[in-house]
Amino acid sequence: MNKLSIRELELKGKRVFVRADFNVPLADGKVADDTRIRATLPTLRLAMERGARVVVASHLGRPKGKPEEKYSLAPVAARLKELLGKPVVFASDCVGEGPVSRSRALKDGDVMLVENVRFHAEEEKNDEKFSKQLAELCDGIFVCDAFGSAHRAHASVVGITHFVKQAAAGLLMEQELKYLGQAMTNPERPFVAILGGAKVSDKIEVIENLMKIANTMLIGGAMAYTFFRAKGYTTGKSLVEEDKVDLALTLLGEARERHCPIVLPVDHVLARGLEEGAQTQITGVEGTPADWMGLDIGPKTIDLFRKEIAGAKTIVWNGPVGMFEKPAFARGTLAIAQAVADATMKGTTSIVGGGDNVAAVEQAGVAEKISHISTGGGASLEFLAGRKLPGVEALTNC
Ligand code: AMP
């Protein structure tokens, strides 16, 4: 886990290639949510203060290997300029003579953002020639701050490292590796994992891996219903992955054997439909009537989960425990957010990941209290599943 850090690099007067994750939502030609841009500011500021000539690259959206106006990083350049409070040069391509000569014109402390790396099909193919071209934008120094892209072996994340002298982690990347790495290798115990969200199938590997490491796993959200079916309960119209029911039963058994019990909800909020004003009721979980669906955990479950959370020393939370986007079904997720924040205030390390959970802790007004909010959705999940991330593996002193 000891990767070279940007803090250890000699940056003065050098062109430094920083791979950021600026894959932000846009609306009306503007950045609609700048969280990801702000997350990389400490790295950029450090590089600028140390006199680097900073060249930043990122992907945005899923253009099909060619330029597409709606995926241009131009709005990001505008927002970055506001956040940094200084000019940001914007290069309309990420490779070739144009951006290379503009990078050579940068002065110490200047910043240039290059256009979306995915405007070239070679990016996702981890193409060698393209990787080399990207490396021409720097003086042998690559810094990766794009934890959210580290599970992808792409040219600007992995390929480029073969053509530089040093490949280091940025401050955000370091932060992610520190918190997630510690939780997965040497967590302070008890370690309680909270998993929710829509599908068991997305998180099978995470469940399998966490049961080897955690002490308790709390499972809520739609995921719980596949487990309920495995236990023989009726689930009405709740979301169930029929083809994963057998697997859910196996996971329950495995978790017991590994002494990492899976704790499921004991009560839940049922609704007749998703429309506003639809009839709701709170019941036990064993017999959901045919035309009702489970959309949130109930008050007894909130208490049960709260107790587990309050006793934890390490908490990893990924996935909402209800359909929290709708106020009628948000109570459970917001209560969990509050409980995780309360535990953190008493010295517990809390790691919250996944876009929905970030929104939930913000909605609950407790984001500031969480020890670490992980910016990378897919990358966090792969990390929790115990996989090696190519973008992290590539960071060594080359
Ligand atoms: P995921 O991307 O797998 O983490 O799933 C997040 C989504 O799961 C959110 O949009 C939630 O609304 C949804 N979700 C959570 N609990 C439920 C539930 N009981 N029924 C339906 N959807 C749910």
Side-chain angles (χ1 to χ4, degrees), residues 23 25 148 151 193-207 210 217-231 233-245 247-248 251 263-276 278-286 288-302 305 316-337 340 351-364 373-385:
N23 185 25
H151 56 316
I194 312 163
L195 296 175
K199 292 181 176 172
V200 181
S201 50
D202 288 346
K203 291 180 185 145
I204 295 167
E205 283 180 63
V206 174
I207 298 172
L210 280 176
M217 224 180 301
L218 312 178
I219 292 190
M223 264 171 86
Y225 292 86
T226 304
F227 287 95
F228 288 155
R229 187 67 71 74
K231 286 167 85 78
Y233 305 167
T234 58
T235 51
K237 289 194 292 180
S238 312
L239 275 188
V240 170
E241 286 175 274
E242 298 292 348
D243 60 333
K244 295 290 178 285
V245 172
L247 175 80
L251 290 173
V263 181
L264 292 167
V266 291
D267 63 345
H268 56 177
V269 180
L270 294 179
R272 273 197 193 276
L274 292 175
E275 66 283 0
E276 206 167 312
Q279 202 185 346
T280 63
Q281 60 169 328
I282 293 169
T283 69
V285 291
E286 296 185 15
T288 301
D291 51 351
W292 291 77
M293 63 175 96
L295 293 165
D296 194 9
I297 57 173
K300 287 188 186 137
T301 308
I302 292 178
F305 283 11
V316 167
W317 180 21
N318 196 300
V321 295
M323 194 182 264
F324 81 107
E325 299 91 333
K326 292 189 181 285
F329 314 115
R331 191 168 301 149
T333 300
L334 296 180
I336 298 303
V340 172
I351 303 165
V352 172
D356 288 318
N357 288 69
V358 178
V361 290
E362 274 167 7
Q363 208 175 307
I373 295 183
S374 182
T375 49
S380 307
L381 278 183
E382 291 206 13
F383 201 103
L384 296 177

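Read the numbers this way: they start at 1 and go in the same order the structure lists the ligands and their atoms.
Closest protein heavy atom to atom 23 (C) of ligand 1: Ala222 CB, 3.9 Å. With hydrogens left out, the protein atom closest to atom 19 (N) of ligand 1 is Gly294 O, 3.0 Å, a heavy atom. For atom 5 (O) of ligand 1, the closest heavy atom belonging to the protein is Ala198 N, 2.9 Å. The shortest contact between atom 6 (C) of ligand 1 and any protein heavy atom is with Asp356 OD2, 3.0 Å. The protein non-hydrogen atom at the shortest distance from atom 15 (C) of ligand 1 is Gly322 O, 3.1 Å.
Not a single donor-acceptor pair under 3.5 Å links the side chain of Ser380 to the backbone N or O of Gly353.
Arg272 contributes atom CZ, which lies 4.5 Å from atom CH2 of Trp292 (distance to the nearest 0.5 angstrom). With rounding to the nearest 0.5 Å, the separation of CG in Leu251 from NZ in Lys203 is 14.0 Å. Here the OG-CG distance, from Ser374 to Leu381, works out to 9.0 Å after rounding to the nearest 0.5 Å.
Heavy atoms of Glu325 found under 4.0 angstrom from ligand 1 belong exclusively to the side chain. When non-hydrogen atoms are compared, ligand 1 lies under 4.0 Å from the backbone of Leu295 as well as from its side chain.
Open room surrounds NZ on Lys199; 12 or fewer heavy atoms of other groups in view lie less than 6.0 Å from it.
Closest to atom 21 (C) of ligand 1 by heavy atom, among Met323, Lys237, Met293, is Met323.
When side chains are defined from C-beta on, Thr301 does not count as touching Val285, because their heavy atoms never get closer than 4.5 Å.
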Kindly list each side-chain donor-acceptor pair under 3.5 angstrom involving residues 319-336, sequence neighbours excluded, with atom names and distances?
{"unit_1": "Thr333", "atom_1": "OG1", "unit_2": "Val321", "atom_2": "N", "d": "3.1"}
{"unit_1": "Thr333", "atom_1": "OG1", "unit_2": "Gly322", "atom_2": "N", "d": "3.3"}

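In summary, the atoms of ligand 1 found under 4.0 Å from a heavy atom of Gly221, numbered by their order in the structure, are 16 (N), 19 (N). Under a 4.0 Å criterion applied to the non-hydrogen atoms of Gly197, ligand 1 contributes the atoms 1 (P), 3 (O), 4 (O), 5 (O), 6 (C), 8 (O). Listed by number with element, the atoms of ligand 1 under 4.0 angstrom from any heavy atom of Lys203 are 3 (O), 4 (O).
Screening residues 219-230 for side-chain hydrogen bond (donor to acceptor under 3.5 Å, both in side chains), with sequence neighbours left out, gives Tyr225-His268, Arg229-Thr235, Arg229-Glu242.
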